[in-house]
2 protein chains.
Amino acid sequence: MTWNIDYDRPIWIQLVEQLQVALISGELNPGDAVPSVRDLAADAQVNINTMQRALAELESRGLLVPKDNRWRASGRAVTEDRSLIDEIKLNYARSILEDFTQKMRSLGLDDGEIVSKVAEYLSKTRSKGE
Amino acid sequence: MTWNIDYDRPIWIQLVEQLQVALISGELNPGDAVPSVRDLAADAQVNINTMQRALAELESRGLLVPKDNRWRASGRAVTEDRSLIDEIKLNYARSILEDFTQKMRSLGLDDGEIVSKVAEYLSKTRSKGE
DNA sequence: TTTATTGTATTATATATATAATACTACATA
DNA sequence: TATGTAGTATTATATATATAATACAATAAA
């Protein structure tokens, strides 16, 4: 997976968000093994403790689970609770829409202008395939 | 003006953003006097130093200017350079659109779905007046 | 059985952020 | 003229974040 860290927000929060996107976009599927904390940290070029904090957060949300019941050395996996993933996906999409429309409206744009600007921007940035 | 501070990003950056929105949305007009640092800080329930940092940043961007040429006790005003405000408004709107479409696409939505979801969300949250 | 790997924990350090308290200079105003 | 107000500066303190360097116990793998 690809990482994109900027520096005006806590890194561990950005890691949580980007891992969550990987889960709800289907880049990581229910039951899939998750790379080890060390590997993920190296991949994202981030300290192990920082990545550990992100994974612990996702585990507390139920999105990641320990792979075996007994102890740890088996690593983590994506939850098989698809309804939980769907629920989080819906919430996430709604929060993006909320944030976006709030910002556009605060600029003084009305609903028609917002829709047309979105359509215009999408067509400008459409990849050749679509 | 209304303030809305959350706690996962530096406060001074959020102050810069929200003051900037006030400028480019026309809530504060070119030439308008800006309240004193102390008053703004009290209004936003934020430390004076924090608000000062935000105002200094906006001044460095040319959006705010010292009210008189001589010294300070006259306070600040909004720049009368309307083209600068327009330019920043365009950049801001574009960055919002960029951020939004990037997030929606990363969820696996195609352009048609994005437009329809925007339209649907806008109609659901439309105020009575519109 | 030996070695490597897993998640986890601990300690220390550096940095950025936010606040509080205080003070100064120059100007505006009463 | 005397007082208040503007922006600004300084010092100190608390907190969150991020990193580094280790270490450990239990499991997996060679």
Side-chain angles (χ1 to χ4, degrees), chain A residues 1 3-20 23 28 31-79, chain B residues 1 3-20 23 28 31-79:
Chain A
M1 68 175 284
W3 303 95
N4 195 349
I5 310 292
D6 61 63
Y7 292 91
D8 78 333
R9 289 188 312 144
I11 296 178
W12 72 272
I13 293 182
Q14 300 182 56
L15 297 176
V16 168
E17 290 172 353
Q18 291 175 33
L19 285 163
Q20 201 170 257
L23 299 188
L28 288 173
D32 278 2
V34 173
S36 76
V37 203
R38 289 171 178 81
D39 285 352
L40 284 171
D43 190 35
Q45 292 182 287
V46 147
N47 189 269
I48 298 179
N49 303 319
T50 309
M51 182 59 77
Q52 167 67 13
R53 185 166 181 184
L55 296 185
E57 175 65 25
L58 289 170
E59 198 170 313
S60 81
R61 297 184 190 178
L63 284 172
L64 297 184
V65 295
K67 217 170 164 193
D68 282 346
N69 310 18
R70 320 175 206 173
W71 232 66
R72 19 220 197 183
S74 324
R76 277 182 257 250
V78 178
T79 180
Chain B
M1 66 174 287
W3 303 94
N4 195 350
I5 310 292
D6 61 62
Y7 292 92
D8 77 332
R9 289 189 310 146
I11 295 177
W12 72 271
I13 293 182
Q14 300 182 55
L15 297 177
V16 168
E17 291 172 351
Q18 291 175 32
L19 285 163
Q20 201 170 257
L23 298 189
L28 289 174
D32 277 2
V34 173
S36 76
V37 204
R38 289 170 177 82
D39 285 353
L40 284 172
D43 191 34
Q45 292 183 287
V46 147
N47 189 270
I48 298 178
N49 304 320
T50 309
M51 182 60 76
Q52 167 68 13
R53 186 166 180 183
L55 295 185
E57 174 65 26
L58 289 170
E59 199 171 311
S60 82
R61 297 185 190 177
L63 284 173
L64 296 184
V65 294
K67 217 171 163 190
D68 282 344
N69 310 17
R70 323 177 205 172
W71 232 66
R72 22 225 195 180
S74 324
R76 277 181 257 251
V78 178
T79 180

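To find a chain, count down the sequence lines: A is the first, B the second, and so on, and within it residues start at 1.
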Per B/Gln52 side chain, nearest of listed nucleotides D/dT8, C/dA18, C/dG7: D/dT8
Phosphate OP1/OP2 of D/dT19 contacted by A/Thr50 side-chain N/O (<4.0 Å): yes
A/Asp43: side-chain hydrogen bond (donor to acceptor under 3.5 Å, both in side chains) partners, not counting sequence neighbours: A/Trp3
Contact check, side chains of A/Asp8 and A/Asp6, non-hydrogen atoms, under 4.5 Å: yes
Closest to side chain of B/Val46, choosing from D/dT19, C/dT8, C/dT19: C/dT19
Closest non-hydrogen atom pair, A/Arg9 against A/Ile13: NH1-CG2, 4.4 Å
Non-neighbouring partners of B/Gln52 that pass side-chain hydrogen bond (donor to acceptor under 3.5 Å, both in side chains), sequence neighbours left out: B/Arg76
Partner residues of B/Asp32 under the side-chain hydrogen bond (donor to acceptor under 3.5 Å, both in side chains) criterion, sequence neighbours left out: none
Whole-Å gap separating C1' (D/dT22) and CG (A/Asn49): 11 Å
DNA chain C: 5'-proximal contact among A/Val34 and B/Gln14 (nearest heavy atom): A/Val34
d(NZ, A/Lys67; C1', C/dG7) in whole Å: 14 Å
Integer-rounded Å distance: D/dA20 C1' and A/Ile48 CD1: 10 Å
B/Asp8 CG - C/dA18 P separation (whole Å): 11 Å
Nucleic acid contacts of residues 35-43 of chain A, taken as heavy-atom distances under 4.0 Å to DNA chain C: A/Ser36, A/Val37, A/Arg38
Flag, side chain of B/Glu59 to backbone of B/Pro66, donor-acceptor distance under 3.5 Å: no
Contacts of B/Arg61 that satisfy salt bridge (Lys or Arg N to Asp or Glu O under 4.0 Å) - sequence neighbours left out: B/Glu57
Validation row: B/Leu40, B/Leu15 side chains within 4.5 angstrom (heavy atoms): no
What does the list of N/O pairs under 3.5 Å between the protein and nucleotides 12-17 of chain D look like, with a distance for each?
unit_1	atom_1	unit_2	atom_2	d
D/dT17	OP2	A/Arg53	NH1	3.4
D/dT17	OP2	A/Arg53	NH2	3.0

Gap between atoms CE and C1', on A/Met51 and C/dT6 respectively (whole Å): 16 Å
Candidates B/Thr79, B/Leu23, B/Leu19 - the one meeting side chain to side chain contact (heavy atoms under 4.5 Å, CB included) with B/Leu64: B/Leu23
Options D/dG7, D/dA9, C/dA18, nucleotide nearest the side-chain atoms of B/Arg76: D/dG7
B/Gln45 CD - C/dA18 C1' separation (whole Å): 15 Å
Atom-pair distance (CG on A/Asn47; P on C/dT10), nearest Å: 16 Å
